[in-house]
Asks: 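Just dropping this structure here.
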There are 2 protein chains.
Amino acid sequence: MNAKAEKSGYHHGNLKSALIAAADAIILEKGIEGFSLREAARRAGVSIGAPAHHFGSAKGLLTEVALLGYGSLGDYLNAVTESDDPARDLRELARAYVAFALAHPGRFRLMFRPDLVDRDDPRYSAASSKALSGFAQAIGRRAGAGEDRMADLFSVWSSIHGMANLILDGKAKYLFDGADPQRFSDEILPGLLERAWPYGKG
Amino acid sequence: MNAKAEKSGYHHGNLKSALIAAADAIILEKGIEGFSLREAARRAGVSIGAPAHHFGSAKGLLTEVALLGYGSLGDYLNAVTESDDPARDLRELARAYVAFALAHPGRFRLMFRPDLVDRDDPRYSAASSKALSGFAQAIGRRAGAGEDRMADLFSVWSSIHGMANLILDGKAKYLFDGADPQRFSDEILPGLLERAWPYGKG
DNA sequence: ACCTCAATCTGAGCACTGTATAGATACCAA
DNA sequence: TTGGTATCTATACAGTGCTCAGATTGAGGT
């Protein structure tokens, strides 16, 4: 009845979003390396060749999932309410960034895999900068804002992104001898932020 | 004649290291995603099933390449001579780290891919900590060394590692609007390091 | 109501991939 | 010389992404 019926026989009716959802689910369950276009098609109850028409290639489908991922990251970051203390905001944003990476490792990894995502898709850079806009604003609002805010943003992003990656890749666990990720982001991370950024102090 | 002959017919004589070299070469040419166990076997002039005996699986072979990678990273970092200014040393080490990542992106990416490398191999953590020992020492030597040096190391490593990853994944190019990597590491990076670390000042 | 047309999906096929296993080969030690 | 064993080959299996001719269907125009 609906214009986007669940499944009406030969024509799926909602294949595109069904495939995106299936891909996202696979990545959630098995990680990026466990993804396959064929299994996404299988889960959507459709033949092997069907996805090609909507996405061109596996990269096309994964690009859509990555866009969802940036949206999801944006949700995490937007949940940080803006205060009159930009340094605090920055710290909370950082925690949210790492929390997202730990909660959605598959999405997070996909979002930064240039071989799996079409970086030339204009929506990609748009989604990326939109998700990070909170960081950019907090940096702009902080006391004694530097002249080169792009460099500041990149510096902050590097620290946070590096932490997230090292934790996900098991390097933190190795350095701190098996501290579990949750305790890590709650207790160790804030201390690291103090250490890593001059801004952390005020 | 040599115990490790070049190629003596049925028995290769030097297959293990030949396969490692072939894999490293493939990764150099086509990146991690371009690697295949079969092509490594082909380049070594050997049948498809031969590598299994030496490495068990593709992961086993890639683990050896990753170990080489850590050795190579160690070479970059060890080329930084120790001075009486730990802050300068730290900065130079950071530049060397990023320089390695840009010069050997395939190796660098492989080294941090838990799905492609056997993290349980004791040589892996050994190679990792050996390569990073320069960082650890510089941090230990700096004036006003903190109580939690592991956290300091992790903080520094995060910043540098994040920068390297963001640059490799094309995020820096996007932020700085197409600055080429060389200019980036020469001009922009030092400024970022100043920003990222309190230690940078002395 | 019909009828064309384009969008959608199927099914088979191609060229790959990693892994497992049975058997051939050749070195090495007794 | 003779086992024995490490090494390597050949083949097969299950899986992958992608392509393309053809079947199917819903929608828009007459």
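To find a chain, count down the sequence lines: A is the first, B the second, and so on, and within it residues start at 1.
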Asks: Working to the nearest 0.5 Å, report the span between CZ of B:Phe108 and CG of B:Leu73.
Replies: 8.0 Å

Asks: Would you call B:Arg88 and B:Glu82 a salt bridge, taking side-chain N to carboxylate O under 4.0 Å as the test?
Replies: no

Asks: Given B:Asp24, which of B:Lys30, B:Arg107, B:Arg43 fulfils the salt bridge (charged side-chain N to carboxylate O under 4.0 Å, His left out) condition?
Replies: B:Arg107

Asks: Closer to the 5' end of DNA chain C via nearest nucleotide, is it A:His54 or B:Gly56?
Replies: A:His54

Asks: Looking only at heavy atoms, what is the nearest atom pair of A:Tyr124 and A:Met111, with distance?
Replies: OH-O, 2.6 Å

Asks: Using OP1 and OP2 only, check whether a side-chain N or O of A:Arg42 sits under 4.0 Å from D:dT16.
Replies: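 For A:Arg42, the contact criterion (side-chain N or O under 4.0 Å from OP1 or OP2 of D:dT16) is met.
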
Asks: When all nucleic acid strands are considered with a 4.0 Å heavy-atom cut-off, which category describes A:Ile48: base, sugar-phosphate, or nothing?
Replies: base

Asks: Starting from C1' on C:dT8, measure out to CG on A:Asn14 and report it in whole angstrom.
Replies: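 Nearest whole value for this atom pair: 14 Å.
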
Asks: For residues 48-69 of chain A, pull every pair meeting side-chain hydrogen bond (donor to acceptor under 3.5 Å, both in side chains), keeping only residues two or more places apart or in separate chains.
Replies: A:Glu64-A:Arg123

Asks: Let me know the distance between CG of B:Asp115 and P of C:dG18, rounded to the nearest Å.
Replies: 14 Å

Asks: If I take atom CZ in residue B:Arg38 and atom C1' in nucleotide D:dG15, what distance separates them, rounded to the nearest angstrom?
Replies: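 Distance check: B:Arg38 CZ to D:dG15 C1' gives 12 Å.
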
Asks: At under 4.0 Å, does any side-chain N or O of A:Ser47 touch on OP1 or OP2 of C:dC9?
Replies: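 No, outside the criterion.
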
Asks: Measure from CD on A:Glu33 to C1' on D:dG15 and round the result to the nearest Å.
Replies: 16 Å

Asks: OP1 or OP2 of C:dC9 sitting under 4.0 Å from any side-chain N/O of A:His53?
Replies: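 Checking C:dC9 against A:His53, no side-chain N or O comes under 4.0 Å of OP1 or OP2.
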
Asks: Rounded to the Å, how far apart are B:Leu37 CG and D:dT16 P?
Replies: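 To the nearest whole Å, that distance equals 19 Å.
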
Asks: State which of D:dT16, D:dC8, C:dC9 makes the closest approach to the side chain of A:Leu15.
Replies: C:dC9

Asks: Within this structure, what is the CG-to-P distance between A:Leu61 and D:dT16, rounded to whole angstrom?
Replies: 14 Å

Asks: Identify which nucleotide among D:dG17, D:dT19, C:dC9 has an atom closest to any side-chain atom of A:Val46, counting heavy atoms from C-beta outward.
Replies: C:dC9

Asks: Check every atom of C:dT19, C:dC9, D:dG17 against the side chain of B:Ser57 and return the nucleotide holding the closest atom.
Replies: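 Nearest to the side chain of B:Ser57 among the choices is C:dT19.
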
Asks: Expressed in angstrom and rounded to an integer, what is the separation of B:Leu116 atom CG from C:dT17 atom P?
Replies: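 Roughly 16 Å, once rounded to whole Å.
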
Asks: Which part of the nucleic acid does A:Ala58 contact within heavy-atom distance under 4.0 Å: base, sugar-phosphate only, or nothing?
Replies: sugar-phosphate

Asks: Find the distance A:Glu39:CD to D:dG15:C1' and express it as a whole number of Å.
Replies: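 It works out to 11 Å between those atoms.
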
Asks: Kindly point out which of D:dT19, C:dG18, D:dG17 is positioned nearest to the side chain of A:Ala52?
Replies: D:dT19

